[in-house]
There are 2 protein chains.
Amino acid sequence: MSTIAKALGLLDLFSDARPRLGLSDVQRLTGRDKATVHRHLVALEQAGFLEQDTSTRAYRLGAALTRLAGMRVRTVPEVEMLRSVIDDLSRDAGELVHVSRLQGFDLVHVHHAEEHNHPVRVSFDAYGLPPLFATASGKAYLAFAPGGLLDLALADPRTQLPGAPAPNRMEVEGELKQIAQRGYARNRDALRLGVSSVAIPLFDAASRAFATCSIAYPTGRGGKATEAHLARLLMARGEEISQALGGSVPSHIVQLWTPAQERAAS
Amino acid sequence: MSTIAKALGLLDLFSDARPRLGLSDVQRLTGRDKATVHRHLVALEQAGFLEQDTSTRAYRLGAALTRLAGMRVRTVPEVEMLRSVIDDLSRDAGELVHVSRLQGFDLVHVHHAEEHNHPVRVSFDAYGLPPLFATASGKAYLAFAPGGLLDLALADPRTQLPGAPAPNRMEVEGELKQIAQRGYARNRDALRLGVSSVAIPLFDAASRAFATCSIAYPTGRGGKATEAHLARLLMARGEEISQALGGSVPSHIVQLWTPAQERAAS
DNA sequence: CTTGTTGGTTCACATAGTGAACCGATGGAT
DNA sequence: ATCCATCGGTTCACTATGTGAACCAACAAG
């Protein structure tokens with residue numbers, strides 16, 4: 001293992017729960033020699049990746065990180081950031097994966113990836129603006145967005161499928177509550193006949209829902225089991241996808257998305 | 001020089017102007033051996049600090065940076081982030097340095113540092129809310145804030161010193177224009193008799209003005225020369241201060257703040 | 001077909017990293 | 001006041017790790 005990897009690995013020891021670490025803490029957590037750990041910490045500090053509190057002598061994440069992260073979001077287009085994660089997810093699921101960002105109440109296309117495993121698969125046009133209430137993505141967003149938004153969305157005619165009956169406010173509220181508890185939204189044949197999908201929200205740096213990721217699959221292919229399987233895949237990568245865009249998922253939702261056995265293991 | 005420092009130094013080669021670098025680019029820029037550079041790049045990539053474009057094979061800043069940067073802003077209080085920069089600035093200037101954030105049209109105290117070089121120095125209470133138009137900070141903010149704000153600020157009575165004549169809209173506009181050209185705002189005896197100050201805006205991650213940094217000094221001490229000297233110190237650190245808070249200064253303002261001889265050198 | 005790029009790999013060599021032992025300071029317990 | 005544990009940090013002999021000249025394969029322009 002390269003010394004570079006060892007040193008950079010130290011940064012991963014810091015977390016929201018454990019934002020400040022002393023020399024001995026790091027030494028214990030890594031099992032490495034104190035002298036080694038110290039030299040690594042000093043090197044990271046000199047590069048600005050760590051800062052040392054002058055009074056407690058504890059280390060915390062440094063300013064160079066925000067500087068470089070800012071550079072990344074400015075110079076790397078969203079699509080590039082998403083590519084590898086979304087490709088992986090599409091490969092694992094064997095279905096069409098789709099990321100949209102919210103602009104007002106429009107779901108605008110950001111990126112998609114499709115895998116050609118199945119003979120029958122979902123295809124779609126990337127630039128249509130589907131109505132919020134007719135998609136799993138739209139409902140996933142509303143279920144995790146701040147409260148007031150629902151009324152505004154209901155008032156906007158563009159959020160509904162033309163010709164369809166207006167959604168009942170009580171019913172919708174009930175469904176969103178279910179989604180918030182379950183961790184993902186689902187949809188069967190609502191937007192296009194024969195197409196089902198599951199979706200989760202994505203969160204920005206301030207942990208606000210601002211985009212969504214969905215998997216679409218032919219309704220014919222799967223019953224409850226398929227839906228649950230795809231939803232699991234989606235939720236398992238939910239945090240990674242938000243992070244790829246520079247966001248962070250609120251901890252209670254990370255928990256919701258983490259399978260029970262994994263939670264027990266950690 | 002430690003290999004860790006060498007590897008981390010590679011990240012600094014990336015910039016807004018040069019966001020993607022190939023192996024040979026990095027080799028040229030550093031003068032190090034190609035094999036060495038390559039191993040460093042791979043190590044950084046494996047840690048997520050770099051990503052390699054699969055088609056062009058060029059490297060760009062990676063997702064680990066945004067993840068860690070997010071952690072930093074969540075876990076490290078603003079005051080902690082500012083401390084070292086502001087302390088340095090206060091030491092260099094030998095005067096009181098002051099950082100405020102805008103909440104509506106209130107300048108709320110974030111952090112300050114005072115140096116005890118001079119026998120006569122400015123002291124102040126940290127928690128007063130000075131009127132926007134009576135301070136260098138307030139004017140620095142307005143001069144670099146989006147246009148519509150000025151009218152809203154003029155309409156708000158709290159932005160003006162009680163008892164003072166209402167500011168003339170044309171005059172104010174002219175002054176803000178001057179400030180925008182000069183790069184900093186100034187103030188003599190407006191808020192408190194015998195106290196002058198110079199101020200610059202601070203920018204957030206989206207490059208919007210959201211806070212200010214000012215240096216206060218006794219009017220008696222300095223004429224034009226002192227003011228210019230302190231303003232230079234302030235502007236020289238302007239980018240660093242914004243960055244400490246996770247923001248980034250628009251490039252045209254960085255230029256405005258960079259002395260002519262330094263610009264020629266780089 | 002040459003010539004000059006590019007990204008990447010190999011291996012003998014020496015430099016840079018390692019860790020046991022040590023130091024001084026701090027903070028409880030006794 | 002003394003002991004003991006723990007803290008952050010340093011030293012130095014030893015060797016594992018990093019280094020760089022030489023070497024590929026692939027690609028593009030002349």
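Worth saying up front: this structure is predicted, and the values here are computed from it rather than measured. Naming convention: chains lettered A, B, ... in sequence-line order (proteins, then strands); numbering from 1 in each chain.
Side-chain atoms of B:S137 and B:S100 form no donor-acceptor pair, as typed in the model, at a separation below 3.5 Å. For the residue pair A:Y217 and A:E95, no side-chain donor N or O sits within less than 3.5 Å of a side-chain acceptor on the partner.
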Going through the distances and angles, do A:D204 and A:R208 end up as a salt bridge (Lys or Arg N to Asp or Glu O under 4.0 Å)?
CA-CA 5 Å; A:D204 65 14; A:R208 284 173 309 219; 3.4 Å; yes

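The distance between atom CG of B:L50 and atom C1' of C:dG7, rounded to the nearest whole Å, is 15 Å. Following rounding to the nearest Å, A:E45 (CD) and D:dG8 (C1') show an atom-to-atom distance of 13 Å. Going from atom CG of A:L21 over to atom P of D:dG8 covers 10 Å, rounded to whole Å. If you take CG of A:D53 and P of D:dG8, they are 12 Å apart, rounded to a whole angstrom. The distance between atom CG of B:L41 and atom P of C:dT6, rounded to the nearest whole Å, is 14 Å. Following rounding to the nearest Å, A:D25 (CG) and D:dT6 (C1') show an atom-to-atom distance of 12 Å.
Within the structure, every side-chain polar atom (N or O) of A:H38 is placed at least 4.0 Å from both OP1 and OP2 of D:dG8. Distances shown here put a side-chain N or O of B:R28 below 4.0 Å from the OP1 or OP2 atom of C:dT6.
Here A:Q52 lies in heavy-atom contact (under 4.0 Å) with sugar-phosphate atoms only.
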Letter by letter from the 5' end, nucleotides 12-25 of chain C scores (B base, S sugar-phosphate only, - none; protein heavy atoms under 4.0 Å) ----SSBBB-----

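Between B:H98 and B:H111, the gap from one ring centroid to the other reaches at least 6.0 Å.
For the atom pair CG (A:L8) and NE2 (A:H40), the distance works out to 10.0 Å, reported to the nearest 0.5 Å.
The pair A:R18-A:D25 does not count as a salt bridge, with every side-chain nitrogen at least 4.0 angstrom from each carboxylate oxygen.
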